[in-house]
There are 2 protein chains.
Amino acid sequence: MDGREDDDSARSLGEALFRDILALIHSGGIAPGATLGEATLARQFGVSRGPVREAIRRLQGIGLVTREPFARARIALLDRTAVDDLFDMRVALEGRACALAATRMDDHAITTLLAALERARRRDLGDPDVPPDDFDFHLLLIDHARSPRISAALGGDLYPLLRLYRRWSGARPERKGVAYQEHWQILRAIRSRDADLARSLMEQHIEKARANLMTALDASPTSQPVPAARLPAAPAASSLPAGPA
Amino acid sequence: MDGREDDDSARSLGEALFRDILALIHSGGIAPGATLGEATLARQFGVSRGPVREAIRRLQGIGLVTREPFARARIALLDRTAVDDLFDMRVALEGRACALAATRMDDHAITTLLAALERARRRDLGDPDVPPDDFDFHLLLIDHARSPRISAALGGDLYPLLRLYRRWSGARPERKGVAYQEHWQILRAIRSRDADLARSLMEQHIEKARANLMTALDASPTSQPVPAARLPAAPAASSLPAGPA
DNA sequence: TTTGCCTTAAGTGTTGACAGTTTGTCGGAG
DNA sequence: CTCCGACAAACTGTCAACACTTAAGGCAAA
């Protein structure tokens, strides 16, 4: 079968492959811990090894793929340590983004977001299962923080991983109502321009999601006590010539 | 001249080229805003275009390079907006790392770090100029946070950029004494296991560094009002299928 | 039977070449 | 003199092939 799907929103094959491979892993086409070779993927997608190489490099950059110099790439196992690490980063980034949004959003944007949140809540709670959920509070809020770097790290790297983890550990729709309430509280803090409170609420909100995912991961059969993903480009402190003050 | 320098710590040419090009920019061999073509660099370093391509892709991942689908890569200009964005990310990451360190460091590590800090202070203040400064408080502290992802983002991506900005805007050795004092306060908060205080202190510390760099950038002749680096892989909120709750 | 070395195969790192796109330039029309 | 369009050069994206590394399997010796 040819898993190649044309996505014209990506101008280069490498970009498209990144999404395709991500989708392939997401759909369970590749199991966690499986080894993915460049030549194999190249044949499977009907392209050369060049673009595949770029896509894998980017997967490696996300931390989804473990790779040593000449060894073949393995997609990372998701143990508790990796999830913890992922959420540490997420708390840091989204907490800050939330505080920034409290400072930088104008009243009109807040009102609009509030209305959209309420609309989505009614729709989702109307038919609780199978919600399309294309309204994403977090992504929208991050956009309003107007920090390209944080947006890129979150939306481009962390969230695809999170979707993967949630997929593997199973979703929990019963938390949806609580999540809406927490989102509303965060937005209210932003409306009152209380950046510290907004950040604190967001951090707590994400901590709940972490605990949620943790318990789901414990109950999941795919959780395995395997060494976590080794991230690239994390030089030891002593190996760097100088650092910022 | 052949700028190629063998760095056997990198197993692949792409990795070595990443550092070499970074060093080349750092040393002023390439001016900000200059266009760097793959073929040119390949000839200059005596390798093929493949590794150069990988290195540029990684430079682009850091946000040091702007690139559109078929256009040639430009090294990003450093205007106020870019610095602001960089420091927003840094505050988020290092603040969290500091809080984590306050939780995860054991007493022995704290004592050791404290002693090393004092030792470095005496040495640096002994001869104020031309300090080797291979003791880096921030890097060490981040290591102690034991979060691979945050360490990678900070040590692998943000710090090289920061060094660049500092280089271009000029260092300010007179702040060194103050910095030591702030470092000491942060460590004291960690020793008393006050994660919130430690994070707050670290955030303030970094904010000072941001202000410092800003004024230096304003006075610097290289600061230019040019569109900042467009970061890769920051999809708009509406273009993503679903996000985390 | 077990241990060590050697052979072999798979896979990554790297290279040079080809195709499509963009950008700068030159000539001509208005 | 300015503006527009076509041509050409340069560059990026992609591909197929070669060189080198690693790991696994077999074979021989203890």
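Throughout, protein chains are lettered first and strands after them, A, B, ... in sequence-line order, and every chain is numbered starting at 1.
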Geometric class of the H138(B)/H183(B) ring pair [parallel <30°, tilted 30-60°, perpendicular >60°]: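 Answer is perpendicular, since the angle exceeds 60°.
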So which protein nitrogen or oxygen atoms get under 3.5 Å of nucleotides 15-18 of chain D's nitrogens or oxygens?
unit_1  : atom_1 : unit_2 : atom_2 : d
dC15(D) : OP2    : S48(A) : N      : 2.9

Residues forming a side chain to side chain contact (heavy atoms under 4.5 Å, CB included) with R53(A), sequence neighbours excluded: E38(A), R49(A), R57(A), E54(B)
With A109(B) via side chain to side chain contact (heavy atoms under 4.5 Å, CB included) - residues at least two apart: M105(B), D106(B), H144(B)
Test item: T40(B) side-chain N/O and L36(B) main-chain N/O as donor-acceptor pair under 3.5 Å: no
Salt bridge R80(A)-D218(A), side-chain N to carboxylate O under 4.0 Å: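 The answer is yes: the pair qualifies as a salt bridge.
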SB check R199(A) E94(A) (cutoff 4.0 Å): no
Sugar-phosphate only, base, or nothing, as touched by R74(A) at under 4.0 Å among non-hydrogen atoms: nothing
Side chain to side chain donor-acceptor pair (under 3.5 Å) partners of R74(A), counting only residues at least two apart: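 Expected list: none.
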pair L24(B)-F45(B): side-chain heavy atoms closer than 4.5 Å: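 Touching, per the 4.5 Å side-chain cut-off.
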L141(A) vs D136(A) side-chain heavy atoms within contact, under 4.5 Å: no
Chain B contact limits on DNA chain C, taken 5' to 3' with a cut-off of 4.0 angstrom to heavy atoms: dT14(C) to dT22(C)
Pull out every protein N or O sitting under 3.5 Å from an N or O of nucleotides 22-25 of chain D, one pair per line with the distance.
unit_1  : atom_1 : unit_2 : atom_2 : d
dT22(D) : OP1    : R11(B) : NH2    : 3.3

Contact under 4.0 Å: R53(B) side-chain N or O vs dC11(D) OP1/OP2: no
Length of the CD-C1' vector between E38(A) and dT14(D), whole Å: 15 Å
Counterpart residues, salt bridge (charged side-chain N to carboxylate O under 4.0 Å, His left out), relative to R210(A) (two or more places apart): D84(A), D88(A), E207(A)
